[in-house]
Amino acid sequence: MATEFLDGQLAELKEKGLYNTIRVLESAVDAQVTIGGRQYLNFTSNNYLGLANHPRLKAAAKHAIDLYGIGPAAVRTIAGTTSLHEDLEHKLAQFKRAEATLTLQGGFLANLATIPALVGDGDLIFSDELNHASIIDGCRLSKARVVRYAHNDPADLREKIRTNEYQRGLIITDGVFSMDGDIARLPELVEVAREFDLMLMVDDAHGEGVLGEGGRGIVDHFGLHGQVDIEIGTMSKAFGVVGGVVAGKQRLIDWLKQRARPLLFSSAMTIPDVAACSEAINVLEESDDLVKRLWANADYLKQNLRAAGFDIGATQTPIVPVIVGEAATAQAFSRALFDEGIFVMPIFYPTVPQGKARLRIMNSAVHQQAQLDRALDCLSAIGKKLGVIR
Ligand SMILES: *Cc1c(COP(=O)(O)O)cnc(C)c1O
C-alpha cells in the first residue's frame with residue numbers, strides 16, 4: 001500500500017509523545033462535560049460565553065429548520081442565498097459597527113477567502129510571527145511574499161517595512177494571541193499602516209464576544225472603528241456555533257463576493273448555524289451580563305493562580321496560560337488533573353517555544369465559583385507535587 005509510510009510516521013509521533021488522541025465528549029459543551037461516562041470540569045473549550053448550549057440559540061436553530069430546512073444545497077453565488085444569511089450579515093455589521101460583512105463557513109476559511117483576494121505575486125504581507133495557522137495558510141495561498149515581524153512589535157514592523165520593496169502591502173495580526181492571551185497593539189499598527197499606506201487586517205477570533213463593549217471585539221475595544229481595513233472573526237468561539245465573518249468597507253465585501261474562492265466554490269453555513277449565530281447576537285445586544293461574568297471569572301482565576309505562585313505569563317484576556325516549563329511536566333500535570341475530574345489541555349513545542357510548555361486554562365461565563373475553587377485547589381495541590389510551585 002502506498003500509504004504504508006504513515007505507519008512509521010505515526011509510530012514516531014507516539015515515541016516522541018507528540019501523538020494527540022482526541023477526547024470524545026458524550027454531552028453538550030458546557031462548564032461540565034461527560035467523558036467516558038464521568039463528569040469533568042471543562043477548561044478547554046472556546047465557549048467563552050456558554051452559548052454553545054444556550055436554550056435561546058437551540059430554540060432559534062430548531063425554529064429555523066422548520067422554516068428553511070437544513071442545508072444551503074449549493075454555493076451562494078450560483079444557487080442564491082437565504083434571507084437568513086443576509087439578515088445575519090446585516091446584524092453582524094451593526095453589532096461590529098462596520099459598513100458591511102460577509103459570512104463564511106469558518107474563521108479558517110475567512111482567512112483563506114480574504115488574503116488571496118487582496119494580495120498576490122509582487123505584493124508583500126507583514127505578518128506577526130505568532131499569527132494563527134489559518135493566517136499562515138491564507139498567506140501561502142496568496143503567492144505574496146511574507147515577511148514576519150517580531151511578536152507584537154510595531155518598531156520591528158516599521159523596520160521590516162522600510163527595508164523591503166513591494167507593490168501593495170498588507171499587515172496582518174491576530175487580535176488576541178491564543179497561546180499567551182495577550183492583545184495586539186492595534187492603535188500603533190493603525191499608525192504604521194497609515195504612515196506607509198498599507199492595508200491592515202486583524203483576526204479577532206479570540207476577541208469576538210470577549211473584548212469591547214458587550215463583546216464587540218478588538219476594534220471596538222480600542223475605538224478604532226473604520227480605521228482597520230479588514231476584520232476577520234469567528235462564530236465558532238464565543239458565539240458558540242460555527243462560522244466565519246469578514247467585516248469592513250462595502251467595497252471590500254463587494255470584491256470578496258466576486259473573488260473569494262471559499263465563497264465561490266464551497267457551500268454556505270447551514271440554516272441552524274445561521275439562525276443560532278443570529279440569536280447569539282440578539283443575546284449580546286440585549287445584555288453584557290455574560291461578557292461581564294466571563295471577565296469576573298477570569299479575573300478571579302488569574303488572581304488566585306498568581307497568589308498561589310504560578311507563572312501565568314502576560315495574559316490580558318480570559319485565556320490563562322499556566323507555564324510549567326517542560327513538555328513532560330505539562331503532560332503529567334494535565335493527566336493528574338484529569339484523574340481529579342478536571343479537563344485542561346497541555347500545550348508544548350512546537351505550538352509554544354521549548355521550555356515554555358504550559359496548561360492552557362480557558363475560562364467561561366458559565367463556570368460557577370465553586371467550580372473555579374475546586375479547580376484552583378487541584379491546581380495548587382498538583383502544582384506542589386510536581387514542583388511547579390512551592
Ligand atoms: C480559532 C481561530 C481561527 C479558526 O476559526 P474557526 O471558525 O474555528 O475556523 C482563525 N483564526 C484565529 C486567530 C483563531 O484563533
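Only heavy atoms go into these numbers, but all of them, side chains included; no hydrogens, no water, no symmetry mates. Atoms within a ligand are numbered from 1 in the order they appear, just like the ligands themselves. Numbers for residues simply follow the sequence, beginning at 1.
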| Which ILVMFWY residues can you reach from Phe177 by hopping between side chains whose heavy atoms are under 4.5 Å apart? | Leu130
| Does Ser178 have a heavy atom less than 4.0 Å from any atom of ligand 1? | no
| task | Can you sort out which atoms of ligand 1 are near His206, meaning under 4.0 Å from one of its heavy atoms? | result | 15 (O)
| task | Check whether more than 12 heavy atoms from other residues, nucleotides or ligands sit under 6.0 Å from atom CD of Glu285, and answer yes or no. | result | yes
| Would you say the side chains of Asn42 and Ser45 form a donor-acceptor pair under 3.5 Å? | yes
| query | Can Asn111 and His132 be counted as having a side-chain donor-acceptor contact under 3.5 angstrom? | reply | no
| query | Can you tell me if Tyr48 and Asn297 form a side-chain donor-acceptor pair at under 3.5 Å? | reply | no
| task | Within a distance under 4.0 Å of any heavy atom of Asp174, pick out the atoms of ligand 1 and give their elements. | result | 13 (C)
| request: Tell me which part of Met235 gets within contact of ligand 1: side chain, backbone, both or neither, using heavy atoms under 4.0 Å. | output: neither
| Atom indices of ligand 1 within 4.0 angstrom of Lys237 heavy atoms, with elements | 1 (C), 2 (C), 3 (C), 14 (C), 15 (O)
| Numbering as shown, the atoms of ligand 1 that approach Phe108 to under 4.0 Å (heavy-atom distance) | 4 (C), 5 (O), 6 (P), 9 (O)
| field | Which segment of Ala205 sits under 4.0 Å of ligand 1 when only heavy atoms are counted | value | side chain
